[in-house]
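Nothing here was measured: the structure is a model prediction, and the numbers come from that model. Ligands are counted one by one from 1 in listed order, and the atoms in each one are counted from 1 as well.
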Amino acid sequence: MPYPSLSSVNGMKLFPRGSHGVFRCLVTKCNTEWLEALPPHSTVPPRKSRTNSMISVQFPTNPKPSSSMYYSTLTHFNSTLHPPDPHHSPKLTTIRSVLQYNRRPQLAGETPRVVVITSGKGGVGKTTTTANVGLSLARLGHSVVAVDADVGLRNLDLLLGLENRVNYTVVEVLNGDCRLDQALARDKRWPNFQLLCISKPRSKLPIGFGGKALVWLVDALKVREEGCPDFILIDCPAGIDAGFITAITPANEAVLVTTPDITSLRDADRVTGLLECDGIRDIKMIVNRVRTDMIKGEDMMSVLDVQEMLGLALLGVIPEDTEVIRSTNRGYPLVLNKPPTMAGMAFEQAAWRLVEQDSMEAVMVEEEPKKRGFFSFFGG
Ligand code: ADP
Ligand code: MG
């Protein structure tokens, strides 16, 4: 049965779906103005114990960047954590939350927000997340410094297309060979985004360089003439050795990137424990490289499974998207793509939710279903 039309807000139609207050928000035309004007609003669940929560995410099997897309939201994320309340009407809250899309997110928490992007396992998308979330934050008007703490295998500069702009690194700043502002590579596209690399590529972590050096660096960034940045994003190296410990030391919140596979999840669980031991309580999770076709075929864990295993607040769900690889090779982060891509929109939303710490809402991005014509009855 087709979804009955409930209301229309800012050109978007809302459709009730299911019995648990799950709504679908249809965007007929997907253009960049819409992305600028309508960042998603959400409601973050409180930091919770590792309990069951419910979410299902649908992504297209083969995303096409230019096709019209659905922006769908699973509202009442909190209510899915508990049994649904029969007296509670989900409809009103959903419409209100969609109306709030028409504003910029309010920065929550004290600045600078020092966020480490970590995973445990390598190759799950930490650097991709740092680049895309960082640039999204800059586009939302916040000043951002991204620190590439992956010492031997730095590649954030490549993803951002800033490799020719990095002349000095933190090691040279600490040696007194240059000033801090000389080591900051400013993005041409978004001047409120700056990149700072710890050391030159293929070099080893200098002896004596540890968490204290990074804490000094964060303090130095706070007292710059230019003013304190809103966000300091630290791209953490893989593993849980010295580089990891150094990267997490100055952070007060963490974004844990994981893919829905058992090896990545085990490492993510271990890292969550280590972060909590280090006093980082605010840990949110990004589930990357999600494929709906595999979830449907029960060949991949669903986001619900991942949440059940890790019990972390969900910051974003990023679909597997070939555009990510293309943008990595071009040094042009996905969120700047026009027209926007599925994964780009998902990163954009994750950034939006990061800004407003108090809000969280699971988001689905899915392709518009094919219209069934008359001949479809005959298999056409
Ligand atoms: P890490 O920093 O955790 O080692 P990267 O961000 O360098 O991981 O990503 C590793 C590889 O995975 C890169 O080649 C990147 O293009 C690819 N990748 C990351 N996220 C996605 C995605 N959502 N879809 C497709 N490829 C992805
Ligand atoms: Mg990396």
Side-chain angles (χ1 to χ4, degrees), residues 57-65 115-136 146-163 195-199 201-202 205 233-241 243-244 246-248 254-261 263-268 270-271 285-295 300 303 306 315-337 340-351 363-366:
V57 178
Q58 295 173 17
F59 289 117
T61 316
N62 184 17
K64 294 186 199 80
V115 186
V116 63
I117 289 140
T118 183
S119 71
K121 190 172 183 285
V124 294
K126 294 180 292 296
T127 308
T128 310
T129 303
T130 311
N132 285 292
V133 169
L135 271 178
S136 300
V147 181
D148 191 342
D150 201 339
V151 172
L153 302 166
R154 100 173 193 210
N155 47 22
L156 185 57
D157 53 334
L158 287 174
L159 254 81
L160 292 162
L162 294 179
E163 66 276 17
L195 170 70
L196 191 59
C197 296
I198 297 286
S199 68
R202 277 173 273 128
L205 195 70
L233 303 182
I234 303 172
D235 182 18
C236 188
I240 49 169
D241 52 15
F244 166 78
T246 302
I248 67 168
V255 172
L256 194 87
V257 183
T258 183
T259 49
D261 61 81
T263 49
S264 173
L265 285 173
R266 180 189 272 180
D267 292 357
R270 174 97 177 94
V271 163
M285 160 178 84
I286 285 189
V287 187
N288 191 19
R289 309 194 77 153
V290 174
R291 284 185 55 180
T292 328
D293 56 330
M294 289 184 72
I295 295 174
M300 183 179 266
V303 179
V306 175
L315 187 69
V317 182
I318 319 293
E320 171 89 25
D321 191 341
T322 46
E323 281 298 313
V324 176
I325 300 160
R326 198 168 295 147
S327 75
T328 303
N329 293 335
R330 281 168 53 213
Y332 193 80
L334 203 66
V335 288
L336 303 179
N337 273 12
T341 60
M342 297 277 186
M345 283 156 72
F347 276 124
E348 193 101 15
Q349 293 199 336
V363 176
M364 298 193 295
V365 182
E366 60 181 358

S.K.: Given side chains that start at C-beta, do those of Leu256 and Val271 come closer than 4.5 Å, heavy atoms only?
M.R.: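 Side-chain contact under 4.5 Å: yes.
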S.K.: Quick check: closest heavy atoms across Asn288 and Gly125, and the distance to 0.1 Å?
M.R.: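 Here Asn288 and Gly125 meet closest at ND2-CA, 3.7 Å.
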S.K.: Please say whether Asp235 places an N or O atom under 3.5 Å from an N or O atom belonging to ligand 1.
M.R.: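 No: no nitrogen or oxygen of Asp235 is under 3.5 Å from one in ligand 1.
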S.K.: Quick one: pull up CE in Met342 and CG in Asn337 and give me the separation to the nearest 0.5 Å.
M.R.: 13.5 Å
S.K.: Write down the atom of Asp241, the atom of Ala238, and the distance for their closest heavy-atom approach.
M.R.: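 Minimum heavy-atom separation between Asp241 and Ala238: OD1-O, 4.4 Å.
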S.K.: Between Ala247 and Ala149, what is the shortest heavy-atom contact and its length?
M.R.: CB-CB, 4.0 Å
S.K.: What is the closest protein heavy atom to atom 14 (O) of ligand 1, and at what distance does it sit?
M.R.: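 Scanning the protein heavy atoms, the shortest distance from atom 14 (O) of ligand 1 goes to Ile325 CG1, 4.8 Å.
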S.K.: Could you tell me whether Pro319 and ligand 1 have an N or O pair separated by under 3.5 Å?
M.R.: yes
S.K.: Under 3.5 Å, is there a donor-acceptor pair between the side chain of Asn155 and the main chain of Leu158?
M.R.: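 Checked: no pair found.
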S.K.: What protein heavy atom sits nearest atom 12 (O) of ligand 1, and how far off is it?
M.R.: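 In this structure, atom 12 (O) of ligand 1 has Arg289 NH1, 3.1 Å as its nearest protein heavy atom.
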S.K.: Where is the nearest protein heavy atom to atom 21 (C) of ligand 1: which residue, which atom, and how far?
M.R.: Val324 CG1, 3.5 Å
S.K.: To which protein heavy atom is atom 7 (O) of ligand 1 closest, and what is the distance rounded to 0.1 Å?
M.R.: Thr127 CB, 4.0 Å
S.K.: If I take atom OG from residue Ser136 and atom CG from residue Leu334, how far apart are they, to the nearest 0.5 angstrom?
M.R.: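 With rounding to 0.5 Å, OG (Ser136) is 9.0 Å from CG (Leu334).
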S.K.: Between Asn155 and ligand 1, is there a nitrogen or oxygen pair with a distance under 3.5 Å?
M.R.: no
S.K.: Contact between ligand 1 and Gly123 is defined here as a heavy atom of the residue under 4.0 Å from a ligand atom; is it met?
M.R.: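 Within the 4.0 Å threshold, so yes.
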S.K.: So, using side-chain contact (heavy atoms from CB on, under 4.5 Å) as the criterion, who are the partners of Ala254 when residues are at least two apart?
M.R.: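 Per chain and number, Ala254 pairs via side-chain contact (heavy atoms from CB on, under 4.5 Å) with Val116, Leu275, Ile280, Ile283.
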S.K.: Nearest to atom 25 (C) of ligand 1 by heavy atom, Asp321, Leu158, Asp150: which?
M.R.: Asp321
S.K.: Heavy atoms only, cut-off 4.0 Å: how does Asn288 contact ligand 1, side chain, backbone, both, or neither?
M.R.: side chain
S.K.: Just by distance, do the side chain of Lys126 and the backbone of Lys121 share a donor-acceptor pair under 3.5 Å?
M.R.: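 Pair found, side chain donor or acceptor close to backbone of Lys121.
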S.K.: With sequence neighbours excluded, tell me which residues meet side-chain hydrogen bond (donor to acceptor under 3.5 Å, both in side chains) with Asp157.
M.R.: Arg154
S.K.: Show your reasoning for whether side-chain contact (heavy atoms from CB on, under 4.5 Å) applies to Ile325 and Asn329.
M.R.: CA-CA 6 Å; Ile325 300 160; Asn329 293 335; 3.9 Å; yes
S.K.: For ligand 1 and Lys126, I'd like to know whether there is a polar contact (N/O to N/O, distance under 3.5 Å).
M.R.: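 Yes: some nitrogen or oxygen of Lys126 is under 3.5 Å from one in ligand 1.
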S.K.: Does Ala131 have any side-chain contact (heavy atoms from CB on, under 4.5 Å) partners at least two apart in sequence or in another chain, and if so, which?
M.R.: Leu156, Leu159, Leu160
S.K.: List the closest protein heavy-atom neighbour of atom 15 (C) of ligand 1: residue, atom name, distance to the nearest 0.1 Å.
M.R.: Thr128 OG1, 4.0 Å
S.K.: Near Thr328, which atoms of ligand 1 are under 4.0 Å from a heavy atom of that residue?
M.R.: 16 (O)
S.K.: Looking only at N/O atoms, are Gly125 and ligand 1 under 3.5 Å apart anywhere?
M.R.: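 Among all N and O atoms of Gly125, at least one is under 3.5 Å from an N or O of ligand 1.
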S.K.: Under 2.8 Å from the Mg ion (ligand 2), which protein N, O or S atoms do you find? Ignore water molecules.
M.R.: Thr127 OG1
S.K.: Can you tell which of Thr118, Thr127, Thr129 makes a side chain to side chain donor-acceptor pair (under 3.5 Å) with Asp235?
M.R.: Thr127
